[in-house]
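Everything on this sheet refers to the single structure shown next.
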Protein chains: 2
Amino acid sequence: MTVRRQPLSQTQTRVLDLLSAAGRPLSAYDLLGKLRGEGVNAPPTVYRALEKLVREGLVHRIESLNAFVACSTPHHHDMATFAICDQCGLVTELTDRPLQEQLAAMSSRSGFHATRMMVELRGHCAACAAKAHGHGASDHAH
Amino acid sequence: MTVRRQPLSQTQTRVLDLLSAAGRPLSAYDLLGKLRGEGVNAPPTVYRALEKLVREGLVHRIESLNAFVACSTPHHHDMATFAICDQCGLVTELTDRPLQEQLAAMSSRSGFHATRMMVELRGHCAACAAKAHGHGASDHAH
DNA sequence: CGATCGGATGTTATATCATAACATCTATCT
DNA sequence: AGATAGATGTTATGATATAACATCCGATCG
Ligand SMILES: [Zn+2]
Ligand SMILES: [Zn+2]
Ligand SMILES: [Zn+2]
Ligand SMILES: [Zn+2]
């Protein structure tokens, strides 16, 4: 599954591994925290590695969280869709080809040429929606 | 379904007017800059006004720009779609009912209960796409 | 009237996210 | 060796956002 076109540097590999292991979005400073003591001491290194990984399509940036997550299906795809549970923090990357086509159609209909399409849904995951019967649980948040 | 609108405070009105007049997204600090000398001297006031306006459905936050824009059709709508030109900075709020329904269907199909749906397209507007013939012009950005 | 309550604001300080600018190091190609 | 490209280190700063607490004011109610 790991289709890597360019070889990754040490730090880039380390960042990707950390994101994959986390299985949830991490902020650049979360990553920096985990990399201190491994020779990574400042934000630019982390941001540079993330930039590369995003370029390579291995990592997505989630705008509404200011955080990064390993791509669940690492192909280059210029559209990413995320469902973000505001209760437990679960983030799921969704794929829906028809949606992508419809979005592209909608944008081009207005003459817009989209190079990147971001869809982020906020709400409650199935588990949390089931649990939620009027009362609130321990809000996770980011 | 009675859409009860709360009266807006002085600052809230001022912020909404500034956003409407700008016709483009402004950051909270852009707004603060314009409000200094009118008794608004610190970020919290601006953020609080924006929070209220977003709650009322009069303003949208554009996540990928960290900026705010007046809603083009101020109804409460939990889905907002924006086409953002990376060249000239033009931001257009799009409406597409079928897309909204398809997104809702997709999310609920996976058991997710969406309360808010964000769609942000990055690329080039019709005018800039026409001008762009391989060469880059004066990248505007925000 | 006077109590009190909610909404808005002021104020200070700080947290969080991101980049500029410049120096260094190494691998690779010529 | 010289040149190039990519990655990293380092220092400093910019940009975005919130915490915590105090004050003010209009509406409501006993
Ligand atoms: Zn992906
Ligand atoms: Zn959940
Ligand atoms: Zn709107
Ligand atoms: Zn444009």
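Residue numbers start from 1 in every chain, and the chains themselves are labelled A, B, ... in the order their sequence lines are given, proteins ahead of strands.
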### Query
Donor-acceptor pair, A/Thr115 side chain versus B/Arg122 backbone, under 3.5 Å?
yes
### Query
Rounded to the Å, how far apart are B/Asp30 CG and D/dA17 P?
11 Å
### Task
Please check if the side chain of B/Gln12 supplies one atom and the backbone of B/Lys52 the other of a donor-acceptor pair under 3.5 Å.
no
### Summary
Between A/Ser27 and B/Gln10, the residue closer to the 5' end of DNA chain C by nearest nucleotide is B/Gln10
### Task
Mind calculating the distance between CG (A/Leu31) and P (C/dC17) to the nearest angstrom?
11 Å
### Summary
From CG of B/Leu26 across to C1' of D/dA17 the rounded distance in Å is 17 Å
### Task
May I ask you to verify whether the side chain of A/Tyr29 and the base of C/dA15 hold a donor-acceptor pair under 3.5 Å?
no
### Query
Rounded to the nearest Å, what distance is computed from the CD1 atom of residue A/Ile62 to the C1' atom of nucleotide C/dC17?
16 Å
### Message
Give the residues of residues 32-44 of chain B touching DNA chain C, defined as any heavy atom closer than 4.0 Å, sorted by residue number.
### Response
B/Gly39, B/Asn41, B/Ala42, B/Pro44
### Query
Could you give the CG-to-P distance, from B/Leu50 to C/dA8, as a whole number of Å?
13 Å
### Task
Give a yes/no on whether any side-chain N or O of A/Lys52 is located under 4.0 angstrom from OP1 or OP2 of D/dG6.
no
### Candidates C/dA21, D/dC21, D/dA17 - which lies nearest the side chain of A/Arg48
C/dA21
#### Entry: B/Thr11 side-chain N/O to C/dA8 phosphate OP1/OP2 under 4.0 Å
no
### Message
Is B/Ser9 close enough to C/dA8 that one of its side-chain N or O atoms is under 4.0 Å from OP1 or OP2 there?
### Response
no
### Query
Only one of A/Val119, A/Thr95, A/Leu94 forms a side chain to side chain contact (heavy atoms under 4.5 Å, CB included) with B/Met106, so which one is it?
A/Leu94
#### Entry: Main-chain N/O of A/Asn41 paired to A/Arg36 side chain as donor or acceptor, under 3.5 Å
yes
### Query
Rounded to the Å, how far apart are A/Tyr47 OH and C/dA18 C1'?
5 Å
### Query
Does atom NE2 of A/His113 have more than 12 heavy-atom neighbours from other groups under 6.0 Å away?
no
### Query
Would you say A/Thr45 reaches D/dT8's phosphate, i.e. side-chain N/O to OP1/OP2 under 4.0 Å?
no
### Message
If I take atom CG in residue B/Asn66 and atom C1' in nucleotide C/dA15, what distance separates them, rounded to the nearest angstrom?
### Response
15 Å
### Message
Expressed as a whole number of angstroms, how long is the span from A/Glu56:CD to D/dG6:P?
### Response
12 Å
### Query
With a 4.5 Å limit on heavy-atom distance, are the side chains of A/Phe112 and B/Leu121 in contact?
yes
### A/Ser20 and A/Asp17: side chain donor to acceptor below 3.5 Å
no
